Structures are given as structure tokens and as C-alpha cells.
Amino acid sequence: MLIQVLDVDYIMPNEKPVVRVFGKDKNGKVVCCFFEKLMPYFYVLGNNVENVVRGERNVARIEKVKRYLATEYRKDSIEVYKITLHNPAKTPELRDKLRNLGYEVFEADIPFKYRFMIDYDIRGMCWIDVENGNGIDTNTVYADKIVRANKIRSVDLDANAPLKYLAFDIECVSTKPGAVPNAKRDGIIMISIVFSEPFKGKKEMVLSTRYDASVEYFQSEEEMLREFVNILIEYDPDIITGYNVNNFDLPYVLERLRQNNIPALFGRCRDKYVVARKIANRYKINITGRIVVDSYELIKKDFSLKRYDLDFVCNALLGERKVPVRHSEIEKLWKGNSNDFKKLIRYSKMDSILALNLLFKLNLLDKYIALAKISGTLLQDILDSGETTRIENYLLREFSKKGYIIPCKPLERDVAKREAARKKELKGGYVLEPEKGLQESVIVLDFKSMYPSLIRTYNICPTTLLVSNEGIDCFQTPAKVRFVKPNIKEGIVPSILKTLMDERGKIKAEMKNEKDGAKLRELDAKQWALKIMANAFYGYFGYPRSRMYNLGIANSITSLGRETIKKTKALIEKEFGYKVVYGDTDSVMVRVDVQSLEEMKKIGDKLSSYISNMLPGIMELEFEKIFKRFLPLTKKRYAAWCFELKGDKWVDKIETKGIETVRRDWCDLVSETMMKIIEIILKEKNTTNAVEYFKNIVEKINKGEIPIQKFIITKTMTKTAESYDGIQPHAEVVKKIKKRNPAEAPGIGDRIAYVITKGTQMLSKRAEPPEYVVEHGLELDSQYYIENQLLPPLERIFSALNISKNELLGKGRQIQLLKFNNKNKKMVARIEDVEAFICKSCEKVYKIPPLNGTCECGGTIAFMTPKGSLDHVTLT
DNA sequence: GCTACTCGGGG
DNA sequence: GTGTACGAGTAGC
């Protein structure tokens, strides 16, 4: 029977571990597969381990085996002890005892379910073939089919079984006004549920402790919660979702179940309670056989937005809105008339619908399913944890396949040591000092998967790391670390990367011929996941909690990167005579002397094939895009008018890096003006127009011609208004609202919107709610908005063009000067002396000087005055 | 420019 | 559960 793996756990029925695999078959039937043949084990290096282990109750077996160590290159395997135990949960006891006696232990911290998955080649969301046999009593799980497996075989299958989704949302009212409800104290009043497949003929359901014809009505919270648990078991979803379910709804429900003495049993088994464990500051929730997906967390990972509240997110990504109800209104609606209550029902239902819509319409899960399949990690763990888990899972599989054993995770004190060393010793990528001023015709080239390619080219791996001084054929990196060449031994990490990169290449090729939208999305998710995986291996060597932490390896990779980029720059400048105007880690920006996109592409292709040929191994420089205009501010910060080839069409856009155009503490006016000015500079190549635009905005602000919405600043109130130490605008606003209209007062956690008005008091005291300003016809403090909001970010952009703050504000008008950079020479002239500008080579006349100070023909520009042209005018 | 701390979403 | 683990943005030096 074929099943797709959703979840794995184990139980101890007769003091022996039994693995349970929860999955679904092709028809969407729930299958649970029991497997009894695996016992926990780990490895020990050292002498006389038998003596230490003898008499330990948990030990089943001890044997000597041959393994390779995954720490450095060694020709031969070595002898280690493999200790097999009875009880996975008691493994740490023996592990720590051995450690304390000075033994080195390996793979002694692998969760048992993953030991099983690694040894039997079973991966999260992948398919397995199981055969029914006989075995233990399996009366512990809810499943359509139960299999006692004798044999489990992994199967290569791309399809996905149909999954059942359930989204829910709870409503509750705080007994403490203004505060977020507390589950220890405040009950749940309503639960809305949405089903992906109709349940009892319904797609939606609302449970409540107040009656309405449209809800399932309950006398008490306890009855409502019991029914909620029943629905979860009966509907039997694979995926449970909601907005912020991980950190609000689910922990809240679990606490209310506890308060009402209802067992939290709604997984696919009768023997494991649903638990929420707090790790760092978030909850990790385990529901046996099911997967919890928090739309909020996925959105935050996948999209860069100014805010992440459900209404903002849905509006921005789906064009859908919540039912507008403010938190402070919920209690009023709950206690209000029948229409009020109906509104609350709609509100609650809508929140569940939106949470599910986000998941479905944006296909949020595709990428994570692809990551699970590739790395072998369970989907739940892909969602709850980061890069490390995925990399380790992959490494453990590949290393153990080849007879290697892997170190345990480091102890906390070692992590601290590593963190300190890493900070001092790990060097990153190389960033070129950008050439100042607006550039024209810049080709962007970058190295295809630079770090993975370097790892492959130089055979970088713990298994090839050469420590001894024997005369073995090896590479030495600029970090002075050596790796044996592939003919001696091919590294495991390089071979993993080859697999990932080749596979990605195949998928990209497949995508070119694929017309079916759904299939295309799936392939795209897969190629994305392959890229993410390949790029994460480098980081793992420099990560202080890594099992394969090695600064020498990490530094080898970055040092080769720096060497490569420097070599590339030198070659391009020397062999082709083009100027490399900027570059960062794996990219170079090359200024050329042609205008047409096609010509530039040709040069780009020529450069990339030349460089790719000159560099060793699989290093490949690729033509990426064209910056028709390029304005660098500093390292890591620039704006560009970018042209990219999509199919056979050039698509243009304004690209900014490191220049924040949206920040939550800026009003919309700032973001919009910034974008507009960047666009004028880049597209019109005209600073005068950009300055004019700015002056025009200033004038409009002064005349009050810009709508107040553009001036609104928002800040979250994190504690009560009174408890702020300093005087802060948003806290002052809340104090004012409290005085004027106590019922409207926002509470902790609310976002406070305000504008700054004119007056003589200190700034914070002049903050007012926008509605109040409109009602009372107050005047905004235009000075503040110009000087403190608009100017700081714009100054940084204009200063890259040698335009000062005074010029922007028109203060330098008395002696208006013309300035521009002319091939490194700053030129200044009095404005009335200058009629136009002229190229000294081709004599082309400009009304406005080219921003980079160079004529199209490459010639130098000079001022043209009534007396003739002159290079330089000095003012006295 | 760096490092330390704070806060997110939810009602 | 043989695993203890965020990350961006801002304030403060």
C-alpha cells in the first residue's frame, strides 16, 4: 500500500519502541502504519566501553563496528562501539554518563522518529510502500486503515494525496479593559470554523455561547469546547490553520480546555495529549498525525510588508478585507442587540475564511512541502524550525549511507566559545567601493550559486579536510586550509551539492515545456527549495550550533569567494578595458560604452563566457541584468533603473537595495516622495527636475494641499500610556483620547495613529489623532514634516549627486552655484555666467549637464559662457 | 558603526 | 522528546 508521510511518532506499549507513521493514501484515506523492528542506538569512541556499559538496564546490545569519522580526511575507517538500547527516552542518561567519563559519543541526540526515518530512507511528505503483516495491538489511533508493517520501502512519486484543511478563529473578551484577554481568566465566547471539504453539509460553522439562529448554540463554554474537540476528531483534518494560531488561538484553547477539565485529545490517537511547549518566545504545538500551519507565520516569512495584521495583509495580497470591528468593540457587539451580535458572527467567520484564503490563494504551503520532500524533514518541523534542521536531516542521511558517523550538537558552553571565535575570525564576502555619481549603461553579472560552486570546485567537505602533513594531492585555499582532491576522495558535501544543482537544472528545463499551471507551480516550488537547500550548506559550517562547525571550512569558502571576485574584476578591467563600478560578494557591475540593451547583453555574454573559462572548476559567471542608470549611495546601498530579459522581452523596473523606501515609522508622504524622486533621477536623468519636484512637494505641504492621510505616523503602544519613561508622541495621544473620550481609548498593543500639529509646545505634546485634527481644523506642522520626515532620507540620495540640503531648500539662491563632477574634478561656476554646457570632444551642447559629467561620446564637459567655454570658474 | 533590547500577531 | 531553536528594527553608546 502506498502512503504519503504526514507525521511520525513512537509509543512504548511493551517497553519496546513501536514507530507509528501517519499518512494518507491516494484517495485521501487516513493510514497509520506500525513498525516494531527498530531499536535506538548511538556510537562511542574509546576503550573499555563494555566495562562502563555492563549492567546498564537500558542497554540491549554492544558491538564493535567500523565507521568513518565526519571530522577530517582519513583513509581508513576506525573501530567504534555501537550501543543499542531499549528505550529512546532514556538514551540521554547513558549518553551523559559516557560523556562525563571522557568518552566521545556520536549520533546520540537524534530523535527516535528521525533515526527511523533516516535508517529506512523515509522523508516527510514523500511516499512509502508498506505491506501488512502481523504484530501488536494497534487500538490507539484514529485511522481509516491500519497496517502492521514488516517491510517499508520508500517510493519515488511526485503526486500529493488530497489533504483536508480546517481553519478556525476564537473570540474572547478581556475582563481587564484594554488588555489582551488572558486564557487563565477570560473564557472563549465564540469559535468560527471553516472546512475545505463540507462537514455535515456545511463549509462553515460558528459555535457560540450566545444564541442566534445562525450559530451552534451552547449553554456553557465547557459544552462548546467539548463540541469543538468532537468536530476536530470527526472532521479529521490533516492541516489545522488560522491567523496566529500558533501563538494565540491554540495555546488559548488548550488553556481553556485545562480550566474546564477537558482532556486535550484531538490528534489522530487516543494516547497523546496535544501540548504547546514554549520555546524561546513562541509556542510549538504538537498534534499527533496532523500539521498546524499558521498563515501569519508563513506570510511573515514569504512577504515583505509594512505590517502583518490580518486586515492589512489580506488587503495587500488578496484585495480582501476583514469585517471592520475594533478590538474594543467586540464586547459591545457581544452584549449588544441581535444585529450587533450578527456582526460579531460575520467578523469571526470572516477571519477564518481569510486565514484559509491566504493559504490557498497564495499557495503558501507548496514551498514548504518541497523543502520537506528534499530534506526528508517532517512538514511540521519544516514549518516550526529553520535551516539547520533541514540541513542536518539531509547530512545525516547521506553521511550514514556512506558509513560515516556524525558528532552530536555542541554543549551550550561550546556554543558560547564558538560564537566568540566566529565573530572575530569569520570573514564575509568582498564588497567593492562603488564609484560615486550616477552611472550609465552598467551590466550586472553574477556567479551562479557561488558558494555551492566553490565547495564543489575545491572539493570542500569535512571528509576531505587534510590535517596531517603527508604528501597528498590537495587544494590549499587562501584561508590556508587544505582539502584533498577528488581523485583521492570525493567529498560528501560536494556530491550532495552536485545532486541538488543537477536536479534543479532538470526541473528548470522541465518548466520551459510545462503549460499546466498547477504543475508549473509545483515545479517552481521544487526548484526554489533545491536552491535554498544548496545555498544553506555553506552557512552550516559557520553556524555555532552545527554538528560540523569548522571556521577553517567556512573561511575557506568566503576567502575563495573574495579571491574569485577580485580576479574577475581585474580580468574585466585589464582584458576588456571596461570599468567595474561596483560589486558585492558574488556580483560585478560593469560600465560599458554602448547604449542599446541588445549590445550590452552581447558584451555581458562575452564577458561571462570569458571569465567562466578562465576560472577553475564549475565556476560560472552569468549575465544577470542591465542597469540603464545606476546610482550608488554607499556600499550595499543603491538605486537603479533595471532591465531584465524575461523570455525574449526586456522588462524594466526601479530597483533599490538598502534604501528603505517603506518604514513603519515613516508616513506615506515620505515613501511616495522618495520613490518618485528616485524615479525622476533615474529615468529622466535630470537632477533639476528632481529638485523641482521636491520643492513643489514642500510648497504643497506649506499650502496645506496634501491630504492628511499622507502625514499619519503609526506606533504601537507597548505598555500603558502612563508608564512610558520619556515623553512619546503616541503615548501623549492616548492620554488625550482618554481625557476627551474615555470609551474610545486604545489599549496596550494597539497601533496608534497620529499627526504632528503646529504649536509652541514640545513635539510629543503636539501629536494629535488625525480625526481630531480634521474636526477642529488644526494646522499641521509643515516644518516638522519637511525637516524631520522628508529631508533625512532624501538628503542621502541627493548628496550622492552633490546636491546639498541648502540647495534643496532653496537657501543658496543668493549666490546660485552650478556644480557638477567632471571626471573626478569638481566644477563650480556662478549661474549667471553660464549659458550651457559643451562637450570638449564632440562639441555637443547640453542645456542640463549629464549627471556623470561625461558626454555620451565619453568626452569631458565644460561650461559654456558668453565669453567662450571654460573649465573652471572660481568665485571670489 | 557597532552592540543590546524590544517587539511582533492575536482579543 | 535521543533536538531548547527567531529576526527585524530601533535605541543607545
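First the proteins, then the strands, lettered A, B, ... as listed; each starts at 1. Side-chain atoms are counted along with the backbone in the values below, which use heavy atoms only and exclude waters and symmetry mates. Fair warning: this is a prediction, and the values are worked out from it, not measured in the lab.
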Test side-chain hydrogen bond (donor to acceptor under 3.5 Å, both in side chains) on A:Tyr41 and A:Arg115 and set out the steps. CA-CA 9 Å; A:Tyr41 64 87; A:Arg115 182 81 271 171; 3.1 Å; yes
Going through the distances and angles, do A:Asp109 and A:Lys409 end up as a salt bridge (Lys or Arg N to Asp or Glu O under 4.0 Å)? CA-CA 7 Å; A:Asp109 54 359; A:Lys409 289 187 179 176; over 6 Å; no
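Atom pair A:Lys424:NZ and B:dC2:P shows a separation of 17 Å (rounding to whole Å applied). One atom, NZ of A:Lys278, and another, C1' of B:dG8, lie 12 Å apart when rounded to the nearest Å. Spacing between atom NZ of A:Lys306 and atom P of C:dA8 amounts to 19 Å, rounded to whole angstrom units. For A:Asn393 and C:dT2, the CG to P distance is 14 Å, given to the nearest whole Å. Between the CG atom of A:Asp119 and the C1' atom of C:dT2 there is a distance of 13 Å, rounded to whole Å. The CZ atom of A:Arg307 sits 15 Å away from the P atom of C:dG9 (whole-angstrom rounding). Separating the CE atom of A:Met12 from the P atom of C:dT2 is a distance of 10 Å, rounded to the nearest angstrom. The separation between A:Leu378 atom CG and C:dG1 atom C1' is 13 Å, rounded to whole Å.
Between A:Tyr10 and A:Phe112, the ring planes are perpendicular. Angles over 60° get that label, and only those under 30° would be called parallel.
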Table of protein N/O atoms under 3.5 Å from nucleotides 5-7 of chain C N/O atoms:
from: C:dA5; atom 1: OP1; to: A:Arg545; atom 2: NE; distance (Å): 3.3
from: C:dA5; atom 1: OP1; to: A:Arg545; atom 2: NH1; distance (Å): 2.4
from: C:dA5; atom 1: OP2; to: A:Arg545; atom 2: NH1; distance (Å): 3.4
from: C:dA5; atom 1: OP2; to: A:Arg545; atom 2: NH2; distance (Å): 3.0
from: C:dC6; atom 1: N4; to: A:Asn281; atom 2: OD1; distance (Å): 3.3
from: C:dC6; atom 1: N4; to: A:Asn281; atom 2: ND2; distance (Å): 2.3

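Comparing C:dA5 with C:dG9, their P atoms sit 24 Å apart, to the nearest whole Å. For the C1' atoms, the distance linking B:dG9 with C:dC6 amounts to 14 Å, nearest Å.
Listed by chain and number, the residues in a side chain to side chain donor-acceptor pair (under 3.5 Å) with A:Arg545 are A:Glu412 (sequence neighbours excluded). For A:Glu398, the side chain to side chain donor-acceptor pair (under 3.5 Å) partners two or more places apart in sequence, or in a different chain, are A:Lys401.
Residue-level contact check: A:Phe312 touches neither bases nor backbone, having no heavy atom under 4.0 Å from any strand. As judged by a 4.0 angstrom heavy-atom cut-off over every strand, A:Tyr308 is placed among residues touching the sugar-phosphate backbone only. Contact annotation for A:Asn58: no contact, since no heavy-atom pair falls under 4.0 Å across all strands. Among the atoms of the strands shown, base atoms are found under 4.0 Å from some heavy atom of A:Asp109. Nucleic acid contact class of A:Asp186 (heavy atoms, under 4.0 Å, all strands): none. At a threshold of 4.0 angstrom between heavy atoms, the contacts of A:Thr389 include nucleobase atoms, whether or not backbone atoms are also involved. At a threshold of 4.0 angstrom between heavy atoms, the contacts of A:Leu94 with the nucleic acid are absent. Across all strands shown, A:Leu310 has heavy atoms under 4.0 Å from sugar-phosphate atoms exclusively, and none from any base. Counting any heavy atom pair closer than 4.0 Å across all strands shown, A:Ile110 reaches a base atom. Residue A:Tyr10 is in sugar-phosphate contact alone, with no base atom involved, counting any heavy-atom pair closer than 4.0 Å across all strands shown. Across all strands, A:Pro40 comes closer than 4.0 Å to base atoms (heavy-atom distances).
Distance from the side chain of A:Val180 is smallest for B:dG10 among the nucleotides B:dT3, B:dG10, C:dT2. In the set C:dT2, B:dG9, B:dT3, the nucleotide with an atom closest to the side chain of A:Lys423 is B:dT3.
Between A:Asp414 and A:Tyr549, the side chains place no donor N or O within less than 3.5 Å of an acceptor N or O (distance only, hydrogens not considered). Checked by atom type, the side-chain pair A:Glu221/A:Asn260 shows a donor-acceptor distance below 3.5 Å.
A:Arg95 has a side-chain polar atom (N or O) that falls below the 4.0 Å cut-off from OP1 or OP2 of C:dG3.
Although no hydrogens or angles enter the test, the distance criterion places a donor-acceptor pair under 3.5 Å between the side chain of A:Glu107 and the main chain of A:Ile406.
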Quick one: side chains of residues 342-354 of chain A, donor-acceptor pairs under 3.5 Å with protein atoms, not counting sequence neighbours, listed by atom name and distance.
from: A:Lys342; atom 1: NZ; to: A:Asp212; atom 2: OD2; distance (Å): 2.9
from: A:Ser348; atom 1: OG; to: A:Glu171; atom 2: OE2; distance (Å): 3.1
from: A:Ser348; atom 1: OG; to: A:Ser192; atom 2: OG; distance (Å): 3.2
from: A:Asp351; atom 1: OD1; to: A:Lys322; atom 2: NZ; distance (Å): 3.3
from: A:Asp351; atom 1: OD2; to: A:Lys322; atom 2: NZ; distance (Å): 3.1
from: A:Ser352; atom 1: OG; to: A:Asp169; atom 2: N; distance (Å): 3.3
from: A:Ser352; atom 1: OG; to: A:Ser192; atom 2: O; distance (Å): 3.2
from: A:Ser352; atom 1: OG; to: A:Ser192; atom 2: OG; distance (Å): 2.6

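Interface residues of residues 241-252 of chain A facing DNA chain B, ordered by number: A:Tyr243, A:Asn244, A:Phe248; criterion, heavy-atom separation under 4.0 Å.
Remark: A:Arg210 qualifies as a cation-pi partner of A:Phe341 under the 6.0 Å distance and 45° angle criteria applied to the six-membered ring.
Here side chain to side chain donor-acceptor pair (under 3.5 Å) pairs that include residues 285-305 of chain A, with residues two or more places apart or in two chains, are A:Asp236-A:Arg290, A:Thr241-A:Ser295, A:Asn246-A:Glu297, A:Asn247-A:Glu297, A:Arg282-A:Glu297, A:Tyr296-A:Lys300, A:Asp302-A:Tyr368.
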